[in-house]
Structure formats: C-alpha cells, structure tokens
Amino acid sequence: MRIPDILKSKRPVFSFEFYPPKTEEDARRLFNSIKELAPLRPDFVSITHSSTGTAPYRTVALSGLIKKQLGMEILSHLTCIAHTREEISGMAEKISGLGIENILALRGDPFNSGGLKIKRDYAYAYELINDLKKLGNFAIGAAGYPEKHPESGTGADDIKYLKMKMDAGADFIITQLFFDNRFYFEFAEKCAKAGINTPIIPGIMPVTSYRQIRNFTGMFNISIPKAVAGGLFRFENDRPNLLKFSIDHAAKQCVELIENGAPGVHFYTLNHSKATKEILALII
C-alpha cells in the first residue's frame with residue numbers, strides 16, 4: 001500500500017526504521033527485533049541504504065524478504081550520491097519487482113570511497129526524485145531537517161531545497177530526529193509558508209546510551225535540551241534508569257506531537273525493540 005494512502009487515515013500512523021545487518025549476529029538481532037515489533041502492526045517499516053559496494057543491493061533484497069515473509073509494508077531507502085543513473089534505474093526496477101511501492105529518496109552523505117570510484121550523476125535528492133517519478137509508480141518520501149541540514153547555509157536555504165524536492169514529486173516528508181518538539185512545529189510552520197503542504201512525519205529516537213547520543217548530535221547537528229542533557233548525564237552509568245528516562249521523554253514528545261497535528265511518528269529503532277515497544281505502550 002502506498003504511504004500517502006496510509007496517511008489519509010484519521011488515526012496516527014506509526015512506523016519503524018531499521019538498518020541492514022553487517023554480521024550474522026546483526027542479522028539475528030534485526031529479525032528478532034522486527035518479529036517482536038510485528039504484533040504492534042506498524043503501518044510501514046523502512047530499511048536504510050548504504051552507497052558502498054554491494055550494500056545497496058542487499059538492502060533491496062532485505063526489503064523484499066521482510067515484505068514477503070512478514071507481510072509488512074516497506075519504505076525502501078535509496079541514495080544517489082554514489083550511483084549512476086543506470087544503477088538507480090536497475091535498483092528501482094528490482095524494488096518494483098519485489099512489489100515495493102514506497103521509496104525514501106535521499107542524496108546520501110559523502111563518504112571515504114576506500115578506492116571505489118565516486119559517481120556524480122546526481123548532486124541533489126530532487127534529481128533522484130525526478131528520475132524515480134519516471135521509473136515507476138512509486139510513492140516517494142523526502143527527508144526534512146527541523147534543525148537544518150548540517151550542510152545548509154541557512155534555514156531558508158534548507159526550506160528552499162526541500163521545496164525543490166516536493167516540486168520534483170515527493171509525496172511526504174520524514175524528519176531527522178530531534179529532542180525538542182519546538183523544532184518540529186517551527187519547521188512545519190516554515191514549510192507551510194513556503195507552500196509545502198504534504199504530510200510531515202516526525203522522527204523520534206529513544207536514547208539507549210549516553211555515548212550514542214553524543215555521536216548522533218555530533219554527526220547531524222542535533223541539539224539536546226538542558227533537561228534531557230541533565231537526565232542523560234545523571235544516568236550515564238545507570239542503564240535501566242537511562243532507558244526509563246529516555247522512554248518517558250520520547251513518549252511525552254509523541255503525545256504532544258500527535259495532539260498538535262503530527263500525522264504520526266517514525267521511530268528510529270537502531271534495530272532494538274524494547275524501547276519502541278514501551279513508548280508505544282505509553283501512548284496508544
């Protein structure tokens with residue numbers, strides 16, 4: 001089912017994001033997490049995409065496996081920074097052949113090529129979206145950044161590029177994670193003023209370790225409210241209470257978002273199920 005059609009329902013939409021396993025142990029943990037979350041009946045699940053080597057094709061195969069074996073609706077990520085148009089066309093054909101109707105179209109982050117030739121057929125995500133609209137009958141999602149993309153000069157530039165993605169044919173937006181709902185509401189207001197009227201699904205991530213959040217905030221330019229930072233520091237060496245604090249904060253975020261018009265919540269699970277299950281138990 002196409003995600004725009006799912007979003008037409010009058011109830012909040014809940015979705016989970018996973019990343020492809022690198023080892024057998026990772027694979028076991030991933031499928032255990034998915035099976036534990038399956039009874040919650042997510043509206044869709046997404047599988048992230050790596051640009052290097054054969055990883056993109058493994059992501060496509062994994063997406064098809066989850067859809068076939070578990071019957072879940074899939075949002076398959078597709079990045080373009082290191083792919084030719086011919087490669088993108090081939091992956092889009094495979095995605096369509098697996099019965100997957102939804103793609104999250106991303107530029108992708110620059111990486112150390114490790115000797116691989118970096119391909120530059122695409123410079124921006126809107127170019128990928130434009131091609132995908134011609135390659136199949138896909139529902140296409142775009143990424144939004146409530147606190148501005150790290151590479152954007154200004155917030156206005158960020159909204160301008162997002163508008164280009166929507167004008168190219170994107171159907172909905174999923175945001176980067178954030179810990180202060182103020183950023184989401186301000187972002188949604190800026191989008192509306194720019195003529196972006198598609199659904200904006202907020203991305204939420206429960207924190208499972210203090211080091212984890214330091215890594216994420218450094219990589220993605222995400223700020224942490226003082227109250228959240230204080231709790232993370234206080235429970236840095238107390239994992240059970242750190243998890244409880246994080247779950248409580250994320251649940252409060254979800255309730256406020258939904259009560260104030262967000263169409264649902266997209267959970268960044270990091271391939272773990274416990275925190276997401278407990279958050280949903282508090283808000284559903």
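Computed from a prediction, not measured in an experiment: that's the story for all the values here.
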Heavy-atom count check: over 12 atoms from other residues, nucleotides or ligands less than 6.0 Å from [X] [atom1]?
| X | atom1 | answer |
| --- | --- | --- |
| E186 | CD | yes |
| K274 | NZ | no |
| F235 | CZ | yes |
| K148 | NZ | yes |

Between [X] and [Y], how do the two ring planes meet: parallel, tilted or perpendicular, split at 30° and 60°?
| X | Y | answer |
| --- | --- | --- |
| F178 | Y184 | parallel |
| F44 | F172 | tilted |
| Y145 | H149 | perpendicular |
| F245 | H249 | parallel |

Can you confirm whether the side chains of E17 and T48 place a donor and an acceptor under 3.5 Å from each other?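 The criterion, which ignores hydrogens and geometry beyond distance, is not satisfied for T48 and E17.
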Closest non-hydrogen atom pair between [X] and [Y], with its separation:
| X | Y | value |
| --- | --- | --- |
| M91 | L78 | SD-CD1, 3.9 Å |
| R29 | N271 | CG-O, 3.7 Å |
| V207 | L232 | CG1-CD2, 4.0 Å |
| L162 | F187 | CD2-CZ, 3.5 Å |
| P12 | I258 | CG-CG2, 3.7 Å |
| I140 | L132 | CD1-CB, 3.6 Å |

Within 45 degrees of the axis of the six-membered ring of Y122 and under 6.0 Å from its centre: does R107 put its NZ or CZ there?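 No, cation not above the ring by the 6.0 Å, 45° rule.
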